[in-house]
Undergrad: 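One structure follows; several queries about it will come next.
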Amino acid sequence: MTKKTIRLLMPQWQGGNNPNYSFGAELLAWLAPDNEQPLIHVPVQAYKGTPLENENGMNGRKQLLEQLEAAQHIIDAHKPDRIVMFGGDCLVEQAPFAYLNERYGGKLGLIWIDAHSDLVRYVGYDNGHTLPLGNLLGEGDEEFAKHVKIPLKPENVFIAGLAAPTEQESEVISEAFQRLDIAPVESDTEMIQRLGIKTAGTKELTNSTESIREWIKESGIKHLAIHLDLDVLDPKAFRSLLFANPEAPYNFSPAGTMQMPQLLNLIKELSEETDVVGLGITEHMPWDSINLKNLLGEIPILIS
């Protein structure tokens, strides 16, 4: 029987508090190969020049909740077997992956390919994109977590490509946090240990992906969702990332180190090992295209 697959384009920017995520999502969906899968737009409130309000410890909380519910309504209306999500900030993953876990009886496997865990809240850095995996596990932010009817099982989650900061990066991050009075409610390392979530860094996965294959076998993963935050890639090799901003370096977390061939091989291996029913691609920040788009938007003959 043919499985029903839908594609969602959710150009959400509020979770990262950066309007450029919207254009990154739209370009990502345009770049993806065409097929017969319908592309459905999730309505997102466009940036209109007004800064987001901090609402109970989260920037743009109301807009983010409204957009989460819009994505849920669309998914529930279509009742797909598989979902592809083009984002946007990482918080766009909550609705599709929560649905898929329900769809597959609470037994969904989730591989979080990301340089960062997205598990915990950082007080003072009140952006929702630090919390999607925490929300999916029934942790994270209480108001968002309650939208997850069946939380994912921690043993069914694997974080791949998690970046450990170098000594120099640790000093820079620590200085930035101290300067802006930022602190985690619970460190991601502490939560990973408390919940027993399996992880592997990029270097370990370069040598072997056996740890992931063993996890799939031991956990009995039959259906798998893949979260791909492009930040897992090395910004020296792939420039369309938040970390590769040519004008202002991003110093609040370590950059990824994965190379494109390694990432592709990992996703292909996962697709051979089990049934991939979800794929989310997030945090595309194409600086050259963004800057060119802004330039074209100021040329008189193009706008008159």
Side-chain angles (χ1 to χ4, degrees), residues 6-35 37 39-47 60 64 67-68 71 83-97 111-118 127-133 160-161 163 202 225-250 252-264 266-267 278-297:
I6 62 170
R7 295 183 178 192
L8 299 177
L9 169 57
M10 190 170 180
Q12 180 170 280
W13 59 274
Q14 293 92 340
N17 200 5
N18 190 328
N20 288 320
Y21 280 129
S22 290
F23 179 61
E26 291 163 358
L27 184 56
L28 191 63
W30 181 79
L31 289 168
D34 285 333
N35 60 22
Q37 298 167 0
L39 179 65
I40 304 159
H41 289 66
V42 179
V44 168
Q45 187 166 323
Y47 177 66
L64 287 167
Q67 290 161 191
L68 169 63
I83 302 174
V84 175
M85 170 64 85
F86 299 113
D89 61 73
C90 287
L91 198 56
V92 303
E93 305 288 45
Q94 179 170 332
F97 292 167
I111 185 157
W112 202 259
I113 305 177
D114 202 322
H116 318 107
S117 71
D118 293 345
N127 293 332
H129 71 158
T130 69
L131 284 168
L133 183 52
T202 294
I226 301 173
H227 160 75
L228 170 55
D229 182 341
L230 293 172
D231 282 346
V232 77
L233 292 167
D234 183 348
K236 295 188 293 293
F238 182 71
R239 305 296 299 165
S240 297
L241 305 173
L242 184 64
F243 291 85
N245 188 340
E247 297 179 2
Y250 185 81
F252 294 107
S253 54
T257 58
M258 194 174 287
Q259 303 300 311
M260 194 81 75
Q262 181 186 5
L263 174 61
L264 180 58
L266 174 58
I267 293 174
L279 172 65
I281 309 175
T282 63
E283 313 235 339
H284 181 218
M285 195 67 79
W287 292 111
D288 287 345
S289 295
I290 290 166
N291 291 330
L292 179 59
K293 184 174 185 289
N294 292 337
L295 173 75
L296 295 174

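Below, each value reflects all heavy atoms present in this structure, side chains not excepted, and no hydrogens, waters or symmetry copies.
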Undergrad: Among residues at least two apart in sequence or on other chains, which ones pass side chain to side chain contact (heavy atoms under 4.5 Å, CB included) with Leu292?
TA: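 So Leu292 forms a side chain to side chain contact (heavy atoms under 4.5 Å, CB included) with Leu295, Leu296.
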Undergrad: Please report the interatomic distance CG(Leu242) to OH(Tyr21), rounded to the nearest 0.5 Å.
TA: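 Going from CG on Leu242 over to OH on Tyr21, the span is 4.5 Å.
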Undergrad: What closest approach, in Å, do Glu283 and Leu230 show between heavy atoms, and which atom pair accounts for it?
TA: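 In terms of heavy atoms, the two residues are closest at O-CB, 4.2 Å.
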Undergrad: The criterion is side-chain hydrogen bond (donor to acceptor under 3.5 Å, both in side chains); which residues satisfy it with Gln45, sequence neighbours excluded?
TA: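 Gln45: no side-chain hydrogen bond (donor to acceptor under 3.5 Å, both in side chains) contacts found.
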Undergrad: Step by step, work out the side chain to side chain contact (heavy atoms under 4.5 Å, CB included) result for Leu64 and Leu68.
TA: CA-CA 6 Å; Leu64 287 167; Leu68 169 63; over 6 Å; no
Undergrad: Got a second to check how far Asp229's CG is from Thr282's OG1, nearest 0.5 Å?
TA: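 It is 4.0 Å, given to the nearest 0.5 Å.
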Undergrad: Could you pull out the closest heavy-atom pair between Ala163 and Pro254, with the gap in Å?
TA: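 What the structure gives for the nearest pair is O-CG, 3.8 Å.
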Undergrad: Using side chain to side chain contact (heavy atoms under 4.5 Å, CB included) as the criterion, list what pairs up with Asn35, not counting sequence neighbours.
TA: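 Asn35 satisfies side chain to side chain contact (heavy atoms under 4.5 Å, CB included) with Arg7, Gln37 once adjacent residues are dropped.
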Undergrad: Sequence neighbours left out, what passes side-chain hydrogen bond (donor to acceptor under 3.5 Å, both in side chains) with Gln67? Give chain and number order.
TA: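 With neighbours one apart ignored, the set is Gln12, Gln14.
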Undergrad: I'd like to check Asp118 versus His227 (side-chain heavy atoms, cut-off strictly below 4.5 Å). Are they in contact?
TA: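 They are in contact (side-chain heavy atoms under 4.5 Å apart), so the answer is yes.
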Undergrad: Which atom pair, heavy atoms only, marks the closest approach of Gly16 to Asn127?
TA: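 It is O-ND2, 3.8 Å.
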Undergrad: Under the side-chain hydrogen bond (donor to acceptor under 3.5 Å, both in side chains) test, which residues partner Asp231, sequence neighbours left out?
TA: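 Partners of Asp231 under the side-chain hydrogen bond (donor to acceptor under 3.5 Å, both in side chains) test: none.
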Undergrad: Looking only at non-hydrogen atoms, find the nearest pair between Leu39 and Ala29 and report the distance.
TA: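 That closest heavy-atom pairing would be CD2-CB, 4.4 Å.
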Undergrad: Sequence neighbours excluded, which residues qualify as side chain to side chain contact (heavy atoms under 4.5 Å, CB included) partners of Val232?
TA: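 For Val232, the residues satisfying side chain to side chain contact (heavy atoms under 4.5 Å, CB included) (neighbours in sequence not counted) are Ile113, Leu228, Met258.
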Undergrad: Please identify each residue that fulfils side chain to side chain contact (heavy atoms under 4.5 Å, CB included) with Ala25, with sequence neighbours left out.
TA: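 In terms of side chain to side chain contact (heavy atoms under 4.5 Å, CB included), with neighbours along the sequence ignored, Ala25 is linked to Leu9, Pro11.
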Undergrad: Please list, chain by chain and in numerical order, all residues satisfying side-chain hydrogen bond (donor to acceptor under 3.5 Å, both in side chains) with Thr257, sequence neighbours excluded.
TA: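 None.
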Undergrad: Quick check for you: to the nearest 0.5 Å, what is the distance between Met260 atom CE and Leu264 atom CG?
TA: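 These two atoms lie 9.0 Å from each other.
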Undergrad: What distance separates Asn18 CG from Trp13 CH2, expressed to the nearest 0.5 Å?
TA: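 If we round to the nearest 0.5 Å, Asn18:CG and Trp13:CH2 are 9.0 Å apart.
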Undergrad: Who pairs with Lys293 by salt bridge (charged side-chain N to carboxylate O under 4.0 Å, His left out), at least two apart in sequence or on another chain?
TA: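 So Lys293 forms no salt bridge (charged side-chain N to carboxylate O under 4.0 Å, His left out) with any residue.
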Undergrad: Please, which pairs that meet side-chain hydrogen bond (donor to acceptor under 3.5 Å, both in side chains) have at least one residue in residues 241-250, sequence neighbours excluded?
TA: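 Qualifying pairs: Tyr125-Tyr250.
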Undergrad: When the aromatic ring centroids of His129 and Phe252 are compared, is their separation below 6.0 Å?
TA: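 For His129 and Phe252, the ring centres are not under 6.0 Å apart.
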Undergrad: Compare all side-chain heavy atoms of Phe243 with those of Ser253 and state whether any distance is below 4.5 angstrom.
TA: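 They are in contact (side-chain heavy atoms under 4.5 Å apart), so the answer is yes.
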Undergrad: Could you list the residues that satisfy ring-ring contact (aromatic ring centres under 6.0 Å, His included) with His284, not counting sequence neighbours?
TA: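 His284 satisfies ring-ring contact (aromatic ring centres under 6.0 Å, His included) with no residue once adjacent residues are dropped.
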Undergrad: Looking only at heavy atoms, what is the nearest atom pair of Ala95 and Ala71, with distance?
TA: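 Distance-wise, the nearest heavy atoms are CB-CB, 3.7 Å.
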Undergrad: I need the Gln259 CD to Asp234 CG distance, nearest 0.5 Å.
TA: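 Answer for the CD-CG pair, Gln259 versus Asp234, is 4.5 Å.
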Undergrad: Side-chain contact test, heavy atoms from C-beta onward, threshold under 4.5 Å: evaluate it for Cys90 versus Asp114 and give yes or no.
TA: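 Counting from C-beta outward, Cys90 and Asp114 do come under 4.5 Å.
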Undergrad: Measure the CG-CG distance between Asn20 and Asn294 for me, rounded to the nearest 0.5 Å.
TA: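 Answer for the CG-CG pair, Asn20 versus Asn294, is 7.0 Å.
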Undergrad: Compare every heavy atom of Gly161 with every heavy atom of Thr202, then report the nearest pair and how far apart it is.
TA: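 Minimum heavy-atom separation between Thr202 and Gly161: OG1-CA, 3.6 Å.
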Undergrad: Ring-plane angle category for Phe97 and Trp112, please: parallel below 30°, perpendicular beyond 60°, tilted otherwise.
TA: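 Geometry flag for Trp112 against Phe97: perpendicular rings.
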